[in-house]
Amino acid sequence: MQVSDSQILDGVRSGDRKYFAKLLSICEDDSVRANHLISNLEKRTAHVIGITGSPGVGKSSIINAILDKSADKKIGVIAIDPSSPFTGGSLLGDRIRMQSHATSKNFFIRSFASRGALGGLSPSIFETCDAFETFKVDAVFIETVGVGQSDVEIANVADTVVVLISPDGGDEVQMMKAGLMEIADFFVINKADNPISKGLLSKLRNILEMGKKDIPIFLTNSITGEGIENLTKALDKRFSSILESGLLARKRQKRVTSHAQSILRKKIDDILQTVKTDQLDLEEIQKEVMKKICGNS
Ligand SMILES: Nc1nc2c(ncn2[C@@H]2O[C@H](COP(=O)(O)OP(=O)(O)O)[C@@H](O)[C@H]2O)c(=O)[nH]1
Ligand SMILES: [Mg+2]
């Protein structure tokens with residue numbers, strides 16, 4: 001069904017989910033049109049929260065548990081699925097995990113492939129966040145893939161980064177990448193039902209004491225919901241405080257640059273896809289790449 005820009009604008013303004021879903025699809029397929037539509041809509045600042053950590057740590061489950069306790073809020077969820085570089089297909093596991101909320105009137109769950117561009121976040125994540133703000137949600141949760149670049153780059157789009165670790169992932173504290181320490185605003189030890197979590201907590205405390213930042217640690221059980229209310233209260237409190245202190249405004253300013261970078265990266269990636277690299281003459285390949293990047297002038 002072809003939907004005109006004015007139909008989408010009117011639909012989103014009147015709070016119609018159907019038209020908002022259309023706007024989210026446009027964010028994925030056509031960033032120029034998405035940005036045009038978004039710029040014509042009123043926005044309300046939402047707390048953008050990145051949830052990161054290794055696969056299996058409980059990222060989808062914790063978002064699910066937070067939604068369970070947030071019936072009074074309007075929330076958007078963006079799940080970045082691992083995608084196959086060959087087919088571009090994405091796994092739908094996360095969507096299934098959150099399915100119990102998928103039909104709820106106040107929650108919007110969107111999962112899309114990371115599309116494995118040249119590292120970096122897909123521009124559509126920025127646009128999807130902006131779109132959620134035009135639909136006046138209170139918060140947007142972004143679940144990262146849990147491996148590689150998007151883990152650390154989530155700090156370029158989120159206002160608050162929550163790093164999850166769990167006791168069943170081996171010695172996660174030891175293995176934890178330095179980058180994750182730097183971007184974490186909150187640490188969550190999930191699967192607190194596992195007795196090893198207490199030891200993990202003291203290990204993490206020791207490590208954090210040596211660092212510069214004072215990062216709070218939460219213990220949660222995403223299955224029973226234990227510890228989730230503590231976490232959601234702390235997230236709300238942080239949102240008010242970064243709004244007031246001006247930190248949020250500074251983060252959003254930086255985000256504009258990251259968004260522009262992601263658009264440029266995608267453009268270059270698209271150009272490179274069209275260059276035939278199966279020919280052996282490196283000089284020819286180089287010339288062709290430069291011609292495409294610099295244009296025909
Ligand atoms: N025992 C226990 N299992 C959990 C908890 N949170 C998640 N899980 C389980 O851990 C597995 C991975 O969870 P998932 O949310 O898919 O992890 P993700 O890959 O980080 O999104 C699933 O089988 C969950 O049921 C928890 O707090 N306690
Ligand atoms: Mg998941």
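Values reported hereafter were calculated over all heavy atoms of this structure, with side chains retained and with hydrogens, waters and symmetry mates removed. Counting starts at 1 for both ligands and their atoms, in listed order.
Annotation: side-chain contact (heavy atoms from CB on, under 4.5 Å) contacts of Ser4 (sequence neighbours excluded): Ser6, Gln7. Listed by chain and residue number, Phe20, Leu23, Leu24, Cys27, Ile38 satisfy the side-chain contact (heavy atoms from CB on, under 4.5 Å) test with Ala131 (two or more places apart in sequence, or in another chain).
At a heavy-atom distance under 4.0 Å, only backbone atoms of Pro55 (N, CA, C or O) approach ligand 1. Within the 4.0 Å heavy-atom criterion, the part of Ser54 lying near ligand 1 is the backbone and not the side chain.
Atoms of ligand 1 found under 4.0 Å from any heavy atom of Ser61 (numbered from 1 in listed order, with element): 6 (N), 7 (C), 13 (O), 14 (P), 15 (O), 24 (C). If you number the atoms of ligand 1 from 1 as listed, the ones under 4.0 Å from a heavy atom of Asn221 come out as 26 (C), 27 (O), 28 (N).
Just one of Asn35, Val157, Ile125, Leu264 meets the side-chain contact (heavy atoms from CB on, under 4.5 Å) condition when paired with His259; it is Asn35. Test Arg238, Lys251, Arg252 against Asp159 for side chain to side chain donor-acceptor pair (under 3.5 Å) and you get one pass: Arg252.
Counting backbone and side-chain atoms alike, Ser60 contributes an N/O/S atom closer than 2.8 Å to the Mg ion (ligand 2).
Around CD of Glu42, the count of heavy atoms belonging to other residues, nucleotides or ligands within 6.0 Å does not exceed 12. Shown here is Asn206, whose CG atom has more than 12 heavy atoms of other residues, nucleotides or ligands within 6.0 Å.
Taking only nitrogen or oxygen atoms, main chain and side chain alike, Gly56 reaches within less than 3.5 Å of ligand 1.
Ser240 places a side-chain N or O within donor-acceptor distance of the main-chain N or O of Asp236, the cut-off being under 3.5 Å.
The heavy atom nearest to atom 27 (O) of ligand 1, out of those in Gly225, Pro167, Ser222, Ala65, is found in Ser222. When Asn194, Asn190, Ile51 are checked for heavy-atom proximity to atom 6 (N) of ligand 1, Asn190 turns out nearest. Taking only non-hydrogen atoms, the option from Lys191, Lys59, Glu143 nearest to atom 4 (C) of ligand 1 is Lys191.
Counting just the N/O/S atoms of Glu143, the one with the shortest distance to the Mg ion (ligand 2) is named OE2.
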